[in-house]
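Here's the structure we're looking at; comments come further down.
Note that this is a predicted model, so its numbers are computed, not measured.
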Amino acid sequence: VSENQPYRTAFHFQPPQNWLNDPNGPMYYGGVYHLFYQYNPYGAVFGNRMIWAHSISYDLINWIHLNHAIEPTDPFDINSCWSGSVTILPGNRPVILYTGLDANNNQVQNLATPKNLSDPFLREWVKFSKNPIMTPPNGIKGNEFRDPTTAWKGLDGKWRVIIGSELNNHGMAILYRSEDFVSWTKYQHPLYISEETGMWECPDFYPVSINSTNGVDTSVQNPSVKHVMKASFNSHDYYVLGNYDSEMERFISESDFTGTSLDLRYDYGKFYASKTFFDNVKNRRILWGWVNESDSTEDDIEKGWSGLQSIPRQVWLDESGKQLLQWPVEEIETLRDNQVSIHGKKLLSGAVFELSGITAAQADVEVFFEVPELEEVEFMDPTGVDPQLLCGKENASSNGKLGPFGLLTLASKDLTEQTAIFFRVFRGPSRYIVLMCSDQSRSSLRKEVDKTTFGAFVDIDPCLEKISLRSLIDHSIVESYGGEGRTCITTRVYPMLASDEGMHLYLFNNGTSSVIISRLNAWSMKRAKINGKESLRYRA
Ligand code: FRU
């Protein structure tokens with residue numbers, strides 16, 4: 001990270017410059033992971049000729065940037081190539097389905113296939129001559145028909161795909177069917193329509209195993225899976241669990257999207273337009289999400305770039321069956337360098353304890369807190385409580401009984417700047433309640449950045465298990481996983497005083513009760529190789 005680019009990251013995916021948004025068409029194919037993404041080649045802001053940029057990797061961590069895969073060229077995509085997905089057809093043939101903005105700025109769906117299947121990097125893509133293959137159906141607005149998912153095969157052997165849309169302010173997933181992937185027939189009814197939300201962007205629909213952490217292929221339908229429906233709206237990625245009734249061709253959800261703090265989200269910080277894929281080599285489902293900036297457009301233009309991809313996360317269904325769990329892919333651990341560990345250390349009320357010996361600007365920290373003094377905690381009735389607002393009101397310096405305790409990341413020596421990731425524990429009407437917060441209010445002396453505090457509940461019982469936190473810290477991003485992946489909060493911050501060398505990491509406890517660090521492991525993180533073609537080391 002150079003002197004004048006303190007906010008570029010060391011192990012998060014980003015192109016050398018310019019604007020990035022949604023991950024597109026992630027896949028594993030012939031030994032290679034592919035990531036396409038929304039990219040503006042002309043600047044650090046969203047553009048009016050968006051393209052699909054393309055990078056490949058052998059390990060999801062080190063990346064080689066390739067030439068752009070899909071750019072506006074034809075009447076069916078001349079105004080932009082927007083988000084979409086890959087499906088791998090029988091015979092191991094990947095195909096891209098993406099949204100084009102046509103000459104009239106209508107959203108249409110287009111196909112593209114690899115020019116040469118024996119090129120292991122699939123560098124060149126050919127657009128289908130009969131594009132578009134889907135145009136906005138009757139009753140659907142031309143600018144509300146986008147972001148096709150990975151297709152799945154129905155029990156009848158025919159393909160299904162959904163497209164994000166909206167009808168009378170009800171977000172929905174329009175369903176299509178096809179035999180040959182080229183001619184598509186729309187169902188009368190959507191696969192799912194929500195009561196409470198507006199336009200859906202980037203839907204994702206996939207099965208999760210009910211009794212295993214393994215992922216399953218997108219077409220799997222049997223009694224050992226549930227289905228996940230994810231939709232992007234209100235700047236967040238929400239999901240519901242349910243059953244796919246393939247006879248009725250409907251998704252029967254266990255709850256509806258409300259667009260409020262009651263909904264399940266992949267991440268309660270910055271994380272949008274995400275997409276999963278099935279990695280058949282490691283039998284896991286992997287989630288990518290776009291993490292945008294919190295600084296201003298002027299800042300982005302000055303620094304010449306905007307947007308990151310999250311660390312790819314493995315996702316699976318929690319044993320409770322009530323929510324998903326997420327964890328950084330294991331490959332990230334190959335970047336771990338020198339390690340520090342702590343066992344059984346008491347954090348007294350008011351303690352601020354520096355974790356030295358690792359690079360505080362580039363670190364992976366995992367800590368388990370034990371809370372022995374549970375009896376005395378405050379009562380809280382969580383009904384109607386918005387955890388994010390609660391975290392904003394009771395910030396990192398506001399004392400409670402149990403909490404706030406946690407990490408002060410990307411901090412200056414004197415703590416003027418700090419991003420606090422912490423917990424509070426309350427006694428609820430029927431059980432204890434654990435609140436997780438990410439407090440950005442003191443993250444930077446700079447005034448023009450958005451410092452909104454994030455927060456969510458973590459569904460764990462502190463009588464039965466330790467309260468765990470893993471944070472991946474990378475210069476201007478902190479990705480935090482609470483309760484072993486039950487609650488994730490990602491944040492973007494822009495410390496000014498805390499330069500790379502002057503960066504510090506602390507554990508703190510501002511509650512009146514002590515807590516115990518029962519176990520902590522932290523590592524410096526090496527820089528991932530995320531490079532242009534020149535450095536390409538070909539491994540056939
Ligand atoms: C989501 C989104 C998609 C669209 C793409 C355009 O962030 O608005 O709906 O396809 O970005 O870049």
Answer yes or no: does atom CG of Asn48 have more than 12 heavy-atom neighbours from other residues, nucleotides or ligands under 6.0 Å?
no

Using a distance-only test with no angle check, is there a side-chain donor-acceptor pair under 3.5 angstrom linking Ser471 and Ser480?
yes

Check whether Trp159 forms a cation-pi arrangement with Arg177 (NZ or CZ under 6.0 Å from the six-membered ring centre, at most 45° off the ring normal).
no

When you check the side-chain N and O atoms of Arg160 and Tyr187, is any donor under 3.5 Å from an acceptor?
yes

Are Arg470 and Trp327 in a cation-pi setup, meaning NZ or CZ lies under 6.0 angstrom from the ring centre and within 45 degrees of the ring axis?
yes

Strictly distance-based, threshold 3.5 Å: is any side-chain N or O of Lys226 a donor or acceptor partner for the main-chain N or O of Ser209?
no

Check step by step if side-chain hydrogen bond (donor to acceptor under 3.5 Å, both in side chains) holds for Tyr272 and Ser235.
CA-CA 6 Å; Tyr272 194 69; Ser235 309; over 6 Å; no

Would a 4.5 Å heavy-atom cut-off, applied to side chains only, mark Pro94 and Leu122 as touching?
yes

Phe205 vs Trp152 side-chain heavy atoms within contact, under 4.5 Å:
yes

How long is the span from the OG atom in Ser310 to the CZ atom in Phe271, to the nearest 0.5 Å?
4.0 Å

Answer with yes or no whether the side chains of Tyr268 and Thr487 bring together a donor and an acceptor at under 3.5 Å.
no

Could you tell me whether the side chains of Ser83 and Asp22 share a donor-acceptor contact shorter than 3.5 Å?
yes

Would you say the side chain of Asn79 lies within less than 4.5 Å of the side chain of Asp77, judging by non-hydrogen atoms?
no

Go through the side-chain N and O atoms of Asn24 and Gln38 and say whether any donor and acceptor fall under 3.5 Å apart.
yes

Only one of Tyr238, Phe251, Trp200 passes ring pair (Phe, Tyr, Trp, His ring centres under 6.0 Å) with Phe257; say which it is.
Trp200

Examine distances only and state if a side-chain atom of Gln440 and a backbone atom of Ser438 form a donor-acceptor pair shorter than 3.5 Å.
yes

Just checking, any donor-acceptor pair under 3.5 angstrom between side chains of Thr9 and His475?
no

Rounded to the nearest 0.5 Å, how far does CD1 of Ile163 lie from CG of Leu175?
9.5 Å

Regarding Thr297 and Asp300, is there a side-chain donor-to-acceptor distance under 3.5 Å anywhere?
no

Short side-chain donor-acceptor distance under 3.5 Å, Tyr33 and Asp279:
yes

Yes or no on side chain to side chain contact (heavy atoms under 4.5 Å, CB included) for Gln109 and Thr99, after CA distance, side-chain angles and deciding distance?
CA-CA 5 Å; Gln109 316 312 326; Thr99 299; 2.8 Å; yes

Look only at the side chain of Arg123 and the backbone of Asn67, and say whether a donor-acceptor pair between them is shorter than 3.5 Å.
no

Below 4.5 Å, heavy atoms only, C-beta onward: do Lys282 and Gln314 meet side chain to side chain?
no

Would you tell me whether Asn280 and Tyr28 have side-chain atoms, one donor and one acceptor, within less than 3.5 Å of each other?
no

Do Leu111 and Leu97 have side chains that get closer than 4.5 Å, going by heavy atoms?
yes

Between Arg492 and Ser476: side-chain donor-acceptor atoms closer than 3.5 Å
yes

Go through the side-chain N and O atoms of Ser178 and Lys158 and say whether any donor and acceptor fall under 3.5 Å apart.
no

Could you check if a side-chain atom of Val458 sits within less than 4.5 angstrom of a side-chain atom of Leu435, using non-hydrogen atoms only?
no

Could you check whether Asp237 pairs with Arg265 (Lys NZ or Arg NE/NH1/NH2 to Asp/Glu carboxylate O, under 4.0 Å)?
no

Has the side chain of His12 got a donor or acceptor atom that lies under 3.5 Å from a matching backbone atom of Gln309?
no

Side chains of Asp318 and Ser320, donor plus acceptor under 3.5 Å:
yes

Decide whether Lys270 and Thr491 meet the rule of one side-chain donor and one side-chain acceptor closer than 3.5 Å.
no

Reference residue Val108; test side-chain contact (heavy atoms from CB on, under 4.5 Å); the match among Asp102, Ile133, Asn131:
Asp102

The single option from Phe13, Phe277, Tyr98, Trp52 that satisfies ring pair (Phe, Tyr, Trp, His ring centres under 6.0 Å) with Phe36 is Trp52

Before accepting this row, confirm whether a basic side-chain N of the pair Lys526/Glu333 lies closer than 4.0 Å to the acidic partner's carboxylate O.
no

Under 4.0 Å between a side-chain nitrogen and a carboxylate oxygen: does that hold for Arg250 and Asp245?
no

Is the closest side-chain heavy-atom distance between Trp125 and Lys115 below 4.5 Å?
no

Measure from the side-chain N and O atoms of Tyr29 to the backbone N and O of Asn92, and report whether any donor-acceptor pair falls under 3.5 Å.
yes

Please report the interatomic distance CG(Asn283) to CZ(Arg285), rounded to the nearest 0.5 Å.
11.5 Å

Can you find a heavy atom in the side chain of Leu264 that is under 4.5 Å from one in the side chain of Val240?
no

Determine whether more than 12 heavy atoms belonging to other residues, nucleotides or ligands lie under 6.0 Å from atom CD of Glu179.
no

Can a side-chain donor-acceptor contact be found between Asn21 and Trp19 if the only test is distance below 3.5 angstrom?
yes

Taking it one step at a time, do His68 and His54 satisfy side-chain hydrogen bond (donor to acceptor under 3.5 Å, both in side chains)?
CA-CA 6 Å; His68 304 324; His54 185 195; over 6 Å; no

Let's go through Glu293 and Lys303 carefully: what are the C-alpha distance in whole Å and the side-chain angles of both, what is the deciding distance for salt bridge (Lys or Arg N to Asp or Glu O under 4.0 Å) to 0.1 Å, and is it a yes or a no?
CA-CA 12 Å; Glu293 304 295 311; Lys303 67 191 205 282; 3.0 Å; yes

Salt bridge Asp267-Arg313, side-chain N to carboxylate O under 4.0 Å:
yes

Regarding Asp204 and Thr276, is there a side-chain donor-to-acceptor distance under 3.5 Å anywhere?
yes

